[in-house]
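As structure tokens, the structure follows; a few thoughts come after it.
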Amino acid sequence: MRTHRAVRQIVTAAVATLTLLLSVRSGAENLSGYSGAELYQRFCASCHGLRGLGDGPVADSLKVMVPDLTRIAKRHGATFPAEQIRRIIDGRTVRPPHGTREMPVWGYEFRSAGASDQASAVSADELVGRLLDYVRSMQKK
């Protein structure tokens, strides 16, 4: 029974990740108008949960504990480490003690996310910034 459960969890995680990645690629031209909250809902909530508590529907199927995003500042002495979080989101920082990277690298995916109309295109850095600002807004006092 445990083997079946483990296989089901792996398949669930793989399907969720694949669905996210395909939705990014197929809908990339629409991301330029997304707010930070909308980016979070589309790319983060499946693992981190709607409120950022680490309790998304995919969280239980992962090998690692999904962090509570609402307590980032608290874990860093009441200061939100914006640049550190930006580097985690965009893929520049991988934490070796945590093993392989479980979280998708959204910076790479966002590079193709500008609008098809160059005049309204936004950079990957701007999209990551919107997402970063939203995560900052989730911090518990």
Side-chain angles (χ1 to χ4, degrees), residues 2-141:
R2 267 196 258 182
T3 303
H4 293 291
R5 182 171 184 236
V7 169
R8 188 172 42 240
Q9 288 176 334
I10 291 168
V11 169
T12 300
V15 167
T17 301
L18 181 60
T19 300
L20 284 171
L21 292 175
L22 289 175
S23 71
V24 170
R25 292 189 191 282
S26 66
E29 68 279 358
N30 298 322
L31 293 182
S32 63
Y34 274 40
S35 68
E38 291 167 326
L39 290 166
Y40 179 85
Q41 291 300 315
R42 183 162 179 185
F43 301 107
C44 310
S46 62
C47 294
H48 291 284
L50 293 175
R51 295 180 297 145
L53 301 174
D55 60 351
V58 178
D60 286 341
S61 64
L62 299 175
K63 294 178 188 175
V64 296
M65 189 174 120
V66 177
D68 178 344
L69 299 180
T70 67
R71 297 180 185 271
I72 295 171
K74 183 176 182 176
R75 291 191 300 265
H76 290 86
T79 302
F80 185 77
E83 187 56 29
Q84 178 183 357
I85 301 305
R86 176 182 291 279
R87 289 174 166 276
I88 291 170
I89 292 169
D90 73 14
R92 289 180 288 164
T93 296
V94 176
R95 299 189 173 266
H98 296 158
T100 60
R101 185 172 175 85
E102 295 288 333
M103 189 178 94
V105 178
W106 298 122
Y108 300 128
E109 296 300 328
F110 289 169
R111 279 185 179 59
S112 64
S116 55
D117 172 10
Q118 273 306 102
S120 61
V122 296
S123 69
D125 192 53
E126 184 177 334
L127 292 171
V128 170
R130 290 177 191 175
L131 184 53
L132 175 69
D133 288 342
Y134 182 71
V135 172
R136 183 190 336 255
S137 77
M138 298 171 81
Q139 299 310 294
K140 291 184 178 174
K141 303 290 182 214

*If we only count heavy atoms from C-beta on, is the R136 to I85 side-chain gap below 4.5 Å?*
no
_Passing option when I72 is tested against I88, V135, T79 for side chain to side chain contact (heavy atoms under 4.5 Å, CB included)_ = V135
*Please report the shortest heavy-atom distance between G54 and A59, naming the atom on each side.*
O-CB, 3.5 Å
*For F80 and A73, which heavy atoms make the closest approach, and how far apart are they?*
N-CB, 4.0 Å
*asked:* Going by side-chain hydrogen bond (donor to acceptor under 3.5 Å, both in side chains), name the residues that satisfy it together with Q139, two or more places apart in sequence or in a different chain.
replied: none
*asked:* Just verifying a value: how many Å separate L62 CG and S46 OG, rounded to the nearest 0.5 Å?
replied: 8.5 Å
_So L31 and F43, do their side chains get closer than 4.5 Å, heavy atoms only?_
yes
*asked:* Any non-hydrogen side-chain atom of R130 less than 4.5 Å from a side-chain atom of E38?
replied: no
*How about L50 and Y40: do any of their side-chain heavy atoms sit closer than 4.5 Å?*
no
*Roughly how far, to the nearest 0.5 Å, is the SG atom of C47 from the CG atom of D60?*
10.5 Å
*Would you please test K140 and K74 for side chain to side chain contact (heavy atoms under 4.5 Å, CB included) and show each step?*
CA-CA 8 Å; K140 291 184 178 174; K74 183 176 182 176; over 6 Å; no
*Do V128 and R86 have side-chain heavy atoms sitting under 4.5 Å apart?*
yes
*asked:* Please report the interatomic distance CD(E83) to CG(L132), rounded to the nearest 0.5 Å.
replied: 8.5 Å
*Are any of the side-chain heavy atoms of Y34 and L131 separated by less than 4.5 Å?*
no
_Counting only heavy atoms not in R75 (residues, nucleotides, ligands), do more than 12 fall under 6.0 Å from its CZ?_
yes
*Would you call D68 and H48 a side-chain contact if the rule is heavy atoms closer than 4.5 Å?*
no
